[in-house]
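Numbered from 1 within each chain, the chains take letters A, B, ... in sequence-line order.
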Protein chains: 2
Amino acid sequence: MRRVPAQIAARLPAAAELFADRGLEDTKVEDIASATGVPKATLYYYFAGKEEILAFLFQDALQQMADEVTMAVQAPDSAATRLTAVVQAQLRVMADQPAVCRALVGNLGRAGRIPEIATAITEAYYTPVQHLLEEGVRDGSLRATEDPVTTAMVLFGAVTMSALSYLATDRPLSPESLSPSILTVVLDGLLPPDSAPQES
Amino acid sequence: MRRVPAQIAARLPAAAELFADRGLEDTKVEDIASATGVPKATLYYYFAGKEEILAFLFQDALQQMADEVTMAVQAPDSAATRLTAVVQAQLRVMADQPAVCRALVGNLGRAGRIPEIATAITEAYYTPVQHLLEEGVRDGSLRATEDPVTTAMVLFGAVTMSALSYLATDRPLSPESLSPSILTVVLDGLLPPDSAPQES
DNA sequence: CACGGAGTTAGACTGTTAGTCTAGACTCAC
DNA sequence: GTGAGTCTAGACTAACAGTCTAACTCCGTG
């Protein structure tokens, strides 16, 4: 993939809309050309095909999330506070790019090899969050969990799935109203306050 | 889609393997024919195309999950105990069908329209779990959350994502070892035991 | 045992479209 | 003004999904 000029990158969200609405399969390269205003031959000049356009969109969105997460993690607050910021950051990025998110749920496998996508998410999210969780144990604002990586996956899954449930049914996604509902589960847990933490 | 005879349905998991490994796109109908032993013309006799084969696989797996979830929900235990059973049931179904799960992450949009898939998951999972959460408030084994539907999504996402992280990287998925790590987060929460539940 | 219908299959055929290639136009730097 | 890089139109090809036809096998029924 050649270096994509900003002028062209700026027009690709129109392609995401197409991918999200009809699916990658039912979107012809010609359709992308007319929706974005970038001629077919030019698209092939920059991208190997439509999957590479989706991959570009994905990497761009993931980079945004990585940036926001990094920012949230580096704030000068307690780990618990920063963790809520991470959740809100992810929701914000997803709310910002509904079309890309919808395009990805339906066609993730064509944005790249699944193991590589998993690696990219690990670097952008799991690793920083895992460190944050460990810091939380040190500063006393979070409880220790036996497996911080799994905990990070749980968080990512919780946020992703609830956000997608909104996007999938075309309801607007409001980070402000959704984040408390998610956070109360993962921070406070579902057991009543008086019950002893279970050791399973 | 014609009623699919059991003899043919039994051979379709081989197709799931193909879809998971190469993706739906790079799997030719001919490939499915030779992998399953069901001739191409017969496949077209029963299914409109390969997406319908994937849809069949998906519906089958989702039905299994719906059954297991229903069973777990109806046990004569406290709601909290039944909730752990629901989580374990989902993990078991996913561990049982790794290929189908991997095929679906990569090609979900071709197993059906996303809104319809969302509806199917709501019926199979969100609704029963939501009722379970409400029962938990009544029997005192679970804390009340402002939005039980979102809580159900959080649970589903937490389990799905952590399970997929294993399957995506071809590591074996062991429900027994994974479920405690998930449950401790969603039941006990990440805040330390002494801190007051946050009201955000 | 003929008959008809449903299930099953081989093989040929068609249409769509992804992706390639060519060649020309239009920059800009030097 | 020469050459390298960018961009685009249009023609072409190869692959594959999906269709169709026609045959062949089993059934159960009259």
Side-chain angles (χ1 to χ4, degrees), chain A residues 1-60 103-104 106-113, chain B residues 1-60 103-104 106-113:
Chain A
M1 174 162 33
R2 242 174 265 255
R3 212 193 64 64
V4 180
Q7 207 169 2
I8 289 186
R11 296 183 177 179
L12 294 182
E17 211 76 45
L18 254 40
F19 294 158
D21 290 342
R22 320 182 192 166
L24 197 68
E25 189 55 21
D26 295 336
T27 304
K28 293 179 268 240
V29 178
E30 271 301 356
D31 298 338
I32 304 174
S34 55
T36 57
V38 180
K40 178 180 150 179
T42 307
L43 289 173
Y44 275 109
Y45 180 71
Y46 286 110
F47 304 99
K50 45 187 176 177
E51 20 269 304
E52 218 172 89
I53 296 177
L54 183 64
F56 180 87
L57 255 5
F58 169 61
Q59 281 155 19
D60 185 66
L104 286 170
N107 306 280
L108 191 63
R110 300 184 73 180
R113 304 224 150 259
Chain B
M1 173 162 33
R2 245 172 264 254
R3 212 193 64 65
V4 180
Q7 207 169 1
I8 288 186
R11 295 183 178 179
L12 294 182
E17 211 76 44
L18 254 40
F19 294 158
D21 290 342
R22 321 180 191 167
L24 197 67
E25 190 54 22
D26 296 337
T27 305
K28 293 178 268 236
V29 177
E30 271 302 354
D31 297 338
I32 303 173
S34 55
T36 58
V38 181
K40 177 180 150 179
T42 308
L43 289 173
Y44 275 109
Y45 181 73
Y46 286 110
F47 305 99
K50 46 186 175 177
E51 20 268 304
E52 220 173 86
I53 296 177
L54 183 64
F56 179 87
L57 256 5
F58 169 61
Q59 280 155 20
D60 186 66
L104 285 170
N107 308 279
L108 191 63
R110 300 184 73 178
R113 304 221 150 262

Q.
To the closest 0.5 Å, what do you measure between CG (L54(A)) and CG (L12(A))?
A. 10.5 Å

Q: Would you mind reading off the distance between R3(A) atom CZ and dG5(D) atom P, rounded to a whole angstrom?
A: 15 Å

Q: Grab the CG-C1' distance between D31(B) and dA17(D) for me, whole Å please.
A: 13 Å

Q) Below 4.5 Å, heavy atoms only, C-beta onward: do D26(A) and L18(A) meet side chain to side chain? A) no

Q: Side-chain contact test, heavy atoms from C-beta onward, threshold under 4.5 Å: evaluate it for I8(A) versus T42(A) and give yes or no.
A: yes

Q) Can you tell me how far C1' of dG18(D) sits from CZ of F47(B), to the nearest Å? A) 16 Å

Q | Spatial distance of atom CZ (F19(B)) from atom CD (E51(B)) [nearest 0.5 Å] | A | 8.5 Å

(Q) One character per nucleotide, please: for nucleotides 10-23 of chain C, 5' to 3', B when the base has a protein heavy atom closer than 4.0 Å, S when only the sugar-phosphate does, - otherwise. (A) B------SSBB---

Q. For the pair made of CG in L43(B) and C1' in dC16(D), what is the distance, rounded to whole Å?
A. 15 Å

Q.
Checking R22(B) now: which residues fulfil side chain to side chain donor-acceptor pair (under 3.5 Å) with it, not counting sequence neighbours?
A. D31(B)

Q) D21(B): what forms a side chain to side chain contact (heavy atoms under 4.5 Å, CB included) with it, not counting sequence neighbours? A) E17(B), R102(B)

Q.
Would you say Y45(B) places a side-chain N or O within less than 4.0 Å of OP1 or OP2 belonging to dT9(C)?
A. no

